[in-house]
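Lettering follows sequence order; numbering is per chain, from 1.
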Amino acid sequence: MLILARKLNETILIGEDIKITVVEIQGDKVKLGIEAPREMPVLREELYKAVREENRQAVVSSRGVEELVRKVSKEGK
Amino acid sequence: MEAMKLMSRRLGEIEIDENRVITFPHGIPGFENDREYAIFPVVDEEGPFYYMHAVSNPDLCLVLAVPFVFFPDYELELPSENLEILGIVESERDLAVFVVLTIPGDFRDTTANLLAPIIVNPATRRGLQYVIENSRYQTKHPIFPQPQTNSRQRQGL
């Protein structure tokens with residue numbers, strides 16, 4: 001991993017299109033401003049990991065689907 | 001209408017109308033390499049449940065729900081850059097919104113992932129899983145009312 005030291009309002013460039021700027025520093029919290037091409041998703045890593053984990057858990061493995069469908073159609077939802 | 005065959009570990013060999021095959025250009029988190037999915041009703045067109053089955057992975061089968069049936073207040077804002085993936089729509093009503101269900105051994109504990117809905121543009125047959133930044137939603141919202149036990153109440157404090 002490349003490690004760069006930056007001060008407030010200083011920027012890192014990744015390629016030509018991505019700019020990351022230190023916008024605010026407060027205690028152990030850093031606010032970063034990110035400029036990237038619109039089609040490039042920018043996400044906090046823990047969110048992405050949570051969704052990845054949930055998708056893996058969601059792969060159908062039990063007979064629960066049939067029971068679920070039966071229950072909901074019975075209720076007329 | 002062209003029909004294609006899909007191999008499913010769970011459902012066996014099924015015939016799918018090609019119109020139901022949706023391309024996810026980036027895959028979905030956890031399955032970045034599976035980009036083509038058939039999305040079709042579990043029972044009939046009226047039902048709130050759909051299978052989302054990878055076209056070339058017999059093991060990859062998810063169950064989706066129409067969120068508004070279970071969560072009438074569910075709302076999301078889709079940043080316009082996603083339209084570059086989905087293709088142009090005249091109005092947001094032209095997009096189909098689903099949420100992924102996680103169905104554990106006991107189906108009464110089924111949860112919906114409201115944090116990352118599946119958005120499909122039926123006109124271009126393209127889709128994506130959109131992770132909503134800065135939302136109050138999580139990956140596990142129970143779709144049925146949960147019994148209020150003491151231990152649950154304690155956890156809520």
With sequence neighbours left out, which residue pairs that include part of residues 119-139 of chain B fulfil the salt bridge (charged side-chain N to carboxylate O under 4.0 Å, His left out) condition?
Arg44(A)-Glu133(B), Glu75(B)-Arg136(B)

Of all of Asn55(A), Leu47(A), Leu43(A), which one pairs up most often with chain B through heavy atoms under 4.5 Å apart?
Asn55(A)

Just so I know, are the side chains of Pro117(B) and Tyr74(B) near enough to count as touching, which here means a heavy-atom distance under 4.5 Å?
yes

Atom group of Gln138(B) that falls short of 4.5 Å from chain A, counting heavy atoms:
neither

Examine whether an atom of Ile132(B) lies under 4.5 Å from a heavy atom of chain A, and if so say whether it belongs to the side chain, the backbone or both; otherwise answer neither.
backbone

Side chain, backbone, both or neither of Glu66(A) within contact of chain B (heavy atoms, under 4.5 Å)
side chain

Under 4.5 Å heavy-atom distance to chain A, tell me which part of Leu62(B) shows up: side chain, backbone, both or neither.
both

For the pair Leu32(A) and Val30(A), evaluate side chain to side chain contact (heavy atoms under 4.5 Å, CB included) and give the outcome as yes or no after the intermediate values.
CA-CA 6 Å; Leu32(A) 303 173; Val30(A) 179; 3.7 Å; yes

Give me the atom names and distance for the closest heavy-atom approach of Phe98(B) to Pro67(B).
CA-CD, 3.9 Å

Per-residue contact mode, Thr139(B) against chain A (heavy atom under 4.5 angstrom)
both

Answer with side chain, backbone, both or neither: which region of Phe31(B) has an atom nearer than 4.5 Å to a non-hydrogen atom of chain A?
side chain

Classify the ring geometry of Phe24(B) against Tyr37(B): parallel below 30°, tilted from 30° to 60°, perpendicular beyond 60°.
perpendicular

Side chain / backbone / both / neither for Val43(B) at chain A, heavy atoms under 4.5 Å
side chain

Can you say whether Val131(B) sits under 4.5 Å from chain A via the side chain, the backbone, both, or neither, judging by heavy atoms?
both

Test side chain to side chain contact (heavy atoms under 4.5 Å, CB included) applied to Leu64(B) and Val99(B), step by step:
CA-CA 5 Å; Leu64(B) 310 181; Val99(B) 288; over 6 Å; no

Test of understanding: with side chain to side chain donor-acceptor pair (under 3.5 Å), list the residues that count as partners of Thr23(B), not counting sequence neighbours.
Glu36(B)

Above 12 or not: heavy atoms from other molecules or residues under 6.0 Å from CG of Asp106(B)?
yes

Considering only heavy atoms, which portion of Ser80(B) lies under 4.5 Å from any heavy atom of chain A: side chain, backbone, both, or neither?
both

Where on Pro79(B) is there a heavy atom nearer than 4.5 Å to chain A: the side chain, the backbone, both, or neither?
neither

Out of Leu68(A), Val42(A), Val59(A), return the one with the most heavy atom pairs under 4.5 angstrom to chain B.
Leu68(A)

